[in-house]
Amino acid sequence: MQKLTIHGGTPLSGEIQISGAKNAALPILCTSLLTYESLRIKNVPHLNDVTTMLKLLKQMGTNISIDKDSEISLTTTHLSNPIAPYEMVKTMRAAILVLGPMLARTGEAKISLPGGCAIGLRPVDQHIKGLQAMGAEIHIKHGYIHAKASQLIGAHIVMDTVTVTGTENLMMAATLAEGITTLENAAREPEVVDLACCLISMGAKIHGAGSDVITIKGVKLLHETTYQVIADRIEAGTFLVAAAASGGDIHLKNTCPNILNSVLDKLVESGAKIQSGEDWVNLKMTNKLQSVNICTAPYPAFPTDMQAQFMVLNSVAEGTSRITENIFENRFMHVLELKRMGARIEVEGNTAVVHGVDKLEGASVMATDLRASACLVLAGLIAQGETIIDRIYHLDRGYERIEEKLLSLGVKINRIN
Ligand code: UD1
């Protein structure tokens, strides 16, 4: 198993390019299941989750070619095998995104029920409820969701909770349904908007993506398109926090600051000086780092996927802060590892109280999920001495060429087997 070693203490300095967004690329790749024609998707990040999704699509019948760096062509002339097996769904919950398109295209779908995962229970009841409202017959047998619908019918669906992949799944299914579907209490995340824009470029009739009411008028067929995935706001946020916590000065290119406002506001509150343009952000840390309170909530509020990284920043900032996690029940697993590095954190229910200390100390730590891995990398690069991070396969699911990017920013980082 691979590990990362980091010698901390170097402020990040330099310029990097932000990759395409994992959480936008995954649903966008699934849109290939909705059409007989070819899609060309640009700015797809090289990540293990993307590879898993491509494997899944391939075994369902999609023809895939990697055209050039970050550019993928997909054609699903015949969706021969509408099954998503347990082996794939268990490694990546986002595999559930094939359910809606599979069902809309072929009238049937069989997909393994995702289990609980490290950060929480993460049920898929809203995906199922929405498809049932559109006329699908759904049974759960032997750990699999079996769905059937000779023709999905548009419906008015009020979602009980704001779910990103739930909104995406239903939006994709509704593009080929008969009549109009309305999704109320829909997720407003930029990745939902990016998926909607891709579907619109394929001929879908979608209004309201980015608001909490999305209306989709079903069409008979979708057609070919070329589409470019948006930049990854969580990758950008992670590097910005790394620069702030290390007292650095970095420039991000190929990014989208206008979808990062809640994170940029917290960085400014922590003492960072930020300048930005349409597709770039510059962060310079000259002031003393200040603690910031965080409350995670659906977009446009502060993203749960940035909570762990801010925990590191607060660990070495002046003052005491409260970090409240409102999306997932068990997303504080990084706390114990940070405490082993000298952080002073107490957890009270879904709130972590962080007392800033002068320094963290390098240690051997274990990554438990994707964003917790990023948090440990950040902790390693500001800690005194060497940090060894185990189980970094989580990191490779969501951060493209992370060592290469950190090396170019001056971090002493090394991957070992
Ligand atoms: C997506 C993101 C993930 C991010 C999360 C929250 C992708 C591939 N992943 O995950 O990075 O952390 O949004 O912003 O885009 N829920 C239900 N029933 C459902 C669905 C969800 O109760 O049917 C609950 C979940 O347990 C959770 C909350 O709703 O508490 C939000 O989950 P959801 O938005 O669905 O997360 P994902 O789409 O899995």
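In listed order, ligands and their atoms are each counted from 1. Everything numeric in this text was worked out from a predicted model, so none of it was measured.
Of all the heavy atoms of Thr304, the ones lying under 4.0 Å from any atom of ligand 1 belong exclusively to the side chain. Contact annotation: for Phe328 versus ligand 1, heavy atoms closer than 4.0 Å belong to the side chain alone.
Between the side chains of Gln151 and Glu178, not a single donor N or O lies within less than 3.5 Å of an accepting N or O. Between the side chains of Thr215 and Thr182, no donor N or O sits under 3.5 Å from an acceptor N or O. Side-chain contact of Ser65 with Asn63: a donor-acceptor pair under 3.5 Å is absent, judged by distance alone.
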- [ ] Tell me, with the steps shown, if Asp69 and His46 meet side-chain hydrogen bond (donor to acceptor under 3.5 Å, both in side chains).
- [x] CA-CA 9 Å; Asp69 198 34; His46 297 257; 2.8 Å; yes
- [ ] Could you go through the side-chain hydrogen bond (donor to acceptor under 3.5 Å, both in side chains) check for Glu224 and Thr35 one step at a time?
- [x] CA-CA 7 Å; Glu224 51 103 43; Thr35 175; over 6 Å; no
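Residue-to-ligand polar distances place Val164 within reach of ligand 1: an N/O pair is separated by less than 3.5 Å. Considering backbone and side-chain N/O atoms, Glu189 never comes within less than 3.5 Å of an N/O atom of ligand 1. Residue Glu329 has no N or O atom closer than 3.5 Å to an N or O atom of ligand 1. Remark: ligand 1 and Ile327 share an N or O pair separated by less than 3.5 Å (distance only, no angle test). Checked by distance only, ligand 1 and Asp125 come closer than 3.5 Å through their nitrogen or oxygen atoms. For a threshold of 3.5 Å applied to N or O pairs, the pair formed by Thr165 and ligand 1 contains at least one separation below that value.
Listed by number with element, the atoms of ligand 1 under 4.0 Å from a non-hydrogen atom of Asp305 are 3 (C), 4 (C), 11 (O), 12 (O). Under a 4.0 Å criterion applied to the non-hydrogen atoms of Gln126, ligand 1 contributes the atoms 18 (N), 19 (C), 23 (O). Atoms of ligand 1 found under 4.0 Å from any heavy atom of His127 (numbered from 1 in listed order, with element): 23 (O). Atom numbering of ligand 1 starts at 1 in the shown order; those under 4.0 Å from a heavy atom of Val124 are 19 (C), 23 (O). Listed by atom number, the atoms of ligand 1 under 4.0 Å from Arg331 heavy atoms are 12 (O).
Contact analysis leaves Gly166 out of contact with ligand 1, as no non-hydrogen atom separation drops below 4.0 angstrom. The shell of residues lying under 4.0 angstrom from ligand 1, judged by heavy atoms, includes Val162.
Considering only heavy atoms from C-beta on, Ile323 comes within 4.5 Å of Val354 through its side chain.
Here the options are Ile6, Leu313, Thr238, Leu338, the test is side chain to side chain contact (heavy atoms under 4.5 Å, CB included), and the partner is Leu378; only Thr238 passes.
The shortest heavy-atom contact between Glu15 and Leu409 is N-CD2, 3.8 Å.
Between the side chain of Lys273 and the main chain of Asn282, no donor-acceptor pair closer than 3.5 Å is present.
When Asn23, Leu26, Ile234, Thr161 are ranked by how near their heavy atoms come to atom 15 (O) of ligand 1, first place goes to Asn23.
With rounding to the nearest 0.5 Å, the separation of CG in Leu267 from CG in Leu283 is 6.0 Å.
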